[in-house]
Protein chains: 2
Amino acid sequence: MLAGDSCIVLTVKDPYLLGSFETIQKRATLSKDGLSQLIMKAKEGNQRPPRDVAELAEGERPTLKTIAFMAGLGVTTVSRALKDAPEIGQATKNRVQLIAKQIGYRPNRAGVRLRTGKTNVISLVLNAQSSIMGLTSNMVYGISEILSQTPYHLTVTPYSLENDPMQPIRYIVETGSADGIIMSRTEPDDARVRYLTEHGIPFATHGRTEMGIEHPFHDFDNEAFAYLSVKSLLAKGRRKIAMLAGPTPAVTYHRHLDRGFSRAIEEGAASAVAFSGIDVDTSLGRIRDRMEEIMSGSNRPDGIVCCSGGAAIALVAGIEAAGLKIGEDVDLVSKQSTDVLQWFRPQIIVFNEDVRHAGRELARAVLRRIAGVDARELQSLSYPDEHELR
Amino acid sequence: MLAGDSCIVLTVKDPYLLGSFETIQKRATLSKDGLSQLIMKAKEGNQRPPRDVAELAEGERPTLKTIAFMAGLGVTTVSRALKDAPEIGQATKNRVQLIAKQIGYRPNRAGVRLRTGKTNVISLVLNAQSSIMGLTSNMVYGISEILSQTPYHLTVTPYSLENDPMQPIRYIVETGSADGIIMSRTEPDDARVRYLTEHGIPFATHGRTEMGIEHPFHDFDNEAFAYLSVKSLLAKGRRKIAMLAGPTPAVTYHRHLDRGFSRAIEEGAASAVAFSGIDVDTSLGRIRDRMEEIMSGSNRPDGIVCCSGGAAIALVAGIEAAGLKIGEDVDLVSKQSTDVLQWFRPQIIVFNEDVRHAGRELARAVLRRIAGVDARELQSLSYPDEHELR
DNA sequence: TCCCAAATCTGAAACGTTACAGGTACGCTA
DNA sequence: TAGCGTACCTGTAACGTTTCAGATTTGGGA
């Protein structure tokens with residue numbers, strides 16, 4: 001046994017953790033005069049700084065070798081002890097794990113990655129446009145919440161809408177720069193989903209596809225949202241109802257909205273008014289102006305469904321510019337992903353979409369997919385939850 | 001010279017790029033019957049799959065070895081040729097670079113990282129709360145815009161306000177998981193700045209410090225913003241002015257706001273009304289309610305400066321709840337980082353803070369800092385740019 | 001007493017890259 | 001023709017990890 005102070009830079013609180021003096025000495029093939037001396041000697045012995053000695057230069061981090069030296073074991077044993085391999089004795093495992101903890105060992109990601117190909121990275125791929133109201137932020141925070149309890153890091157790769165959405169995906173796959181991918185703006189027939197499935201890369205999508213491929217996803221039930229929205233408008237006696245639709249029909253949730261909307265309209269024998277020329281991707285200025293036009297016209301709706309909090313603000317501006325009052329001349333139901341809407345027009349009926357929760361779900365899904373869980377078990381929906389305020 | 005089709009999986013468009021048959025043969029020590037045969041033989045020759053042969057299994061990526069084999073050169077030469085080292089002949093460089101391009105070679109990040117310690121990662125560290133209006137998103141997009149033209153990846157590490165802001169920083173430094181850091185919520189005396197400077201880790205902050213350490217930063221000139229805001233209110237004849245201040249005085253920009261505000265108030269001989277109990281970190285609900293109280297009281301301001309677009313919406317709600325009208329009873333100036341504000345209350349005077357631009361500046365700054373540029377050359381301010389709409 | 005199996009532990013090799021310390025070939029000078 | 005410098009290229013080792021194929025020890029049975 002060696003005294004606790006015999007380590008120079010790295011110290012363990014419990015010196016009995018260290019390898020027996022004889023073992024260490026055998027490894028270092030040095031004379032018998034305490035670990036401190038031993039280390040110094042070892043250092044003088046070699047020409048280059050002895051990295052296999054438990055003294056680390058400024059800024060150097062302990063490695064398996066460091067632990068191996070301290071414990072008087074081989075690196076292999078240490079490696080396995082740290083991951084609880086069955087062929088290592090319990091006593092050794094405890095000893096090794098304690099030393100590792102006490103000297104603050106952390107596996108070198110580059111070493112692991114080079115050897116195993118595992119990157120410990122989850123990549124969030126999203127388009128850089130449509131995210132006025134903190135959608136991206138909350139997604140990032142949700143994902144991070146989950147990843148922070150794991151060895152995974154989160155990298156974010158935005159792409160602009162003018163570019164091919166496949167490009168960042170292909171890059172990740174070709175360079176092997178992530179173990180899993182989370183992506184949004186899912187399309188009914190999504191080339192990325194096909195590509196990733198073919199290549200066997202774990203991923204989860206925010207939104208569903210309709211291509212007969214089972215894959216992990218999380219989605220907000222936009223059909224239910226649209227249905228319930230129309231229902232609330234009907235309940236308020238509204239009869240001529242319009243919807244600011246999801247982005248280009250290419251994106252799946254546009255269809256879900258349509259479906260829910262049409263069903264409710266039909267059930268209520270109400271009439272649908274079309275909003276031509278604008279959708280949720282349109283610039284807020286244009287939405288406002290078009291809205292003013294529409295609401296000043298003869299065939300204006302008396303109830304409106306909007307699927308984005310940001311767009312809703314522009315809608316309100318347009319409605320009010322036309323001289324109408326929300327809650328009197330027209331009612332507005334909107335989805336929101338941050339709690340801004342109700343603070344400025346309490347009459348708006350809001351459904352909250354918890355994007356942070358979506359982030360958590362998606363992160364959990366990719367991780368479990370990476371762990372080999374069947375895709376079908378990693379599909380979840382979250383339901384609109386009405387908060388009519390005041 | 002070899003025929004173009006002599007490569008099995010990897011092909012180059014210009015077969016003359018390949019090494020001479022003799023060279024390749026020498027390396028492979030095989031008989032003379034074309035590259036295709038040669039590769040097959042090489043494959044049969046060894047027990048394990050011959051990774052040093054220009055045929056790659058499904059999902060395998062070309063490495064330096066692959067190129068070396070194809071070009072009939074050593075890996076070292078290839079490595080250097082690819083980075084334009086002076087000791088490599090121009091002809092060789094061209095040849096190697098062309099092959100690399102044609103077979104789609106990309107350096108293995110884990111290999112580089114393990115060998116050189118360079119991660120090619122920039123880490124964005126931010127707090128997960130205060131970002132209602134797309135602040136985080138735009139920052140991320142701005143940074144990505146710059147990084148996408150470089151080999152750098154962006155990782156995002158949020159931390160919650162309850163936690164120690166040092167923790168993620170320490171993690172990054174201890175595990176060496178990034179080459180540079182971008183962080184926000186800078187404090188006058190910032191422990192992170194001190195720590196990173198001491199450890200010599202490149203970083204850039206969104207916001208300034210006041211601790212005598214020169215470091216890269218980008219900041220919005222909040223002093224000018226507050227000053228100009230008050231000035232515009234004065235110009236509208238407002239005399240009793242209040243400001244919804246920046247988060248806790250711990251954060252530097254709070255001071256800048258104060259300074260600009262006080263100076264303008266003094267110059268205009270106006271009077272400042274204090275907003276007690278709320279700042280920009282307060283929940284929107286609470287801001288709204290408090291605002292209603294204040295604006296219903298006897299000592300209410302007739303001009304208000306607000307430093308966040310999200311908070312401004314809550315302010316407006318409070319003001320209107322008190323039965324007052326923006327632009328008549330009271331004027332409001334606000335900073336905004338997304339163009340939402342003016343669409344719903346055109347009377348609000350807005351100053352745009354271009355966070356995306358800040359992201360670009362910060363990314364450029366860290367990159368140049370990593371490249372060794374002096375910190376003093378990497379400090380920039382952006383100035384408020386008034387847009388009074390309609 | 002000897003041998004065998006189980007329980008532990010081990011060194012060497014490999015992942016892809018770069019740095020180090022040469023090596024070879026060529027042309028020029030003496 | 002020898003000697004030498006230059007231009008160009010090369011093999012080996014190392015970064016930290018895991019995997020492979022043993023090696024060593026221990027205890028028990030014959």
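We name chains A, B, ... by the order of the sequence lines, and we start the count at 1 in each one.
- The CG-P distance, from D84(A) to dC9(C), rounds to 13 Å in whole Å.
- Checked by distance alone, R80(A) brings no side-chain donor or acceptor within 3.5 Å of a matching partner on the base of dT17(D).
- Distance from the side chain of L114(B) is smallest to dC15(D) among dC9(C), dC15(D), dT18(D).
- Between the CD1 atom of I88(A) and the P atom of dT24(D) there is a distance of 17 Å, given to the nearest Å.
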T155(A) vs S123(A), side-chain hydrogen bond (donor to acceptor under 3.5 Å, both in side chains): CA-CA, chis, key distance, verdict: CA-CA 5 Å; T155(A) 79; S123(A) 209; 3.0 Å; yes

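- Separation of atoms OG1 (T175(A)) and NE2 (H153(B)) is listed at 5.5 Å; rounding is to 0.5 Å.
- Interatomic distance, OG1 of T119(A) versus CG of L114(A), reported as 13.0 Å (0.5 Å rounding).
- Between F203(B) and T197(B) the shortest side-chain heavy-atom distance falls below 4.5 Å.
- Look at R61(B) and E174(A) and you find no salt bridge, because none of the NZ, NE, NH1 or NH2 atoms lies under 4.0 Å from a carboxylate O.
- Checking the phosphate oxygens (OP1, OP2) of dG16(C), no side-chain nitrogen or oxygen of K65(B) falls inside 4.0 Å.
- Taking atom NZ of residue K93(B) and atom P of nucleotide dC8(D), one finds them 9 Å apart after rounding to whole Å.
- Nearer to the 5' terminus of DNA chain D, by closest-nucleotide assignment, is the contact made by V78(B) (compared with the other of V78(B) and R106(A)).
- For K83(A), a side-chain nitrogen or oxygen approaches OP1 or OP2 of dT18(D) to under 4.0 Å.
- The side chain of T63(A) places no N or O atom within less than 4.0 Å of a non-bridging phosphate oxygen (OP1 or OP2) of dC15(D).
- Between the P atom of dC15(C) and the CG atom of N108(A) lies a distance of 18 Å, rounded to the nearest Å.
- Residue T76(A) has no polar side-chain atom (N or O) positioned under 4.0 Å from OP1 or OP2 of dC9(C).
- One interatomic measurement links the two molecules: CZ of R113(B) to P of dT17(C), which rounds to 15 Å at whole-angstrom precision.
- No hydrogens or angles were tested; on distance alone, nothing pairs the side chain of T116(B) with the base of dA19(C) as donor and acceptor under 3.5 Å.
- You'll find that the side chain of E87(A) is closest to dC9(C), out of dG16(D), dC9(D), dC9(C).
- At whole-Å resolution of the value, CG in L64(B) and C1' in dG11(D) are 15 Å apart.
- Atom pair I67(B):CD1 and dT10(D):P shows a separation of 14 Å (rounding to whole Å applied).
- Along DNA chain C, the nucleotide nearest to S79(B) and the one nearest to P86(A) differ in position, and the one closer to the 5' end is contacted by P86(A).
- For dT17(C), the base has no donor-acceptor partner in the side chain of R115(B) [N/O atoms by modelled type, under 3.5 angstrom].
- Atoms CG (L82(B)) and P (dG16(C)) sit 15 Å apart, rounded to a whole Å.
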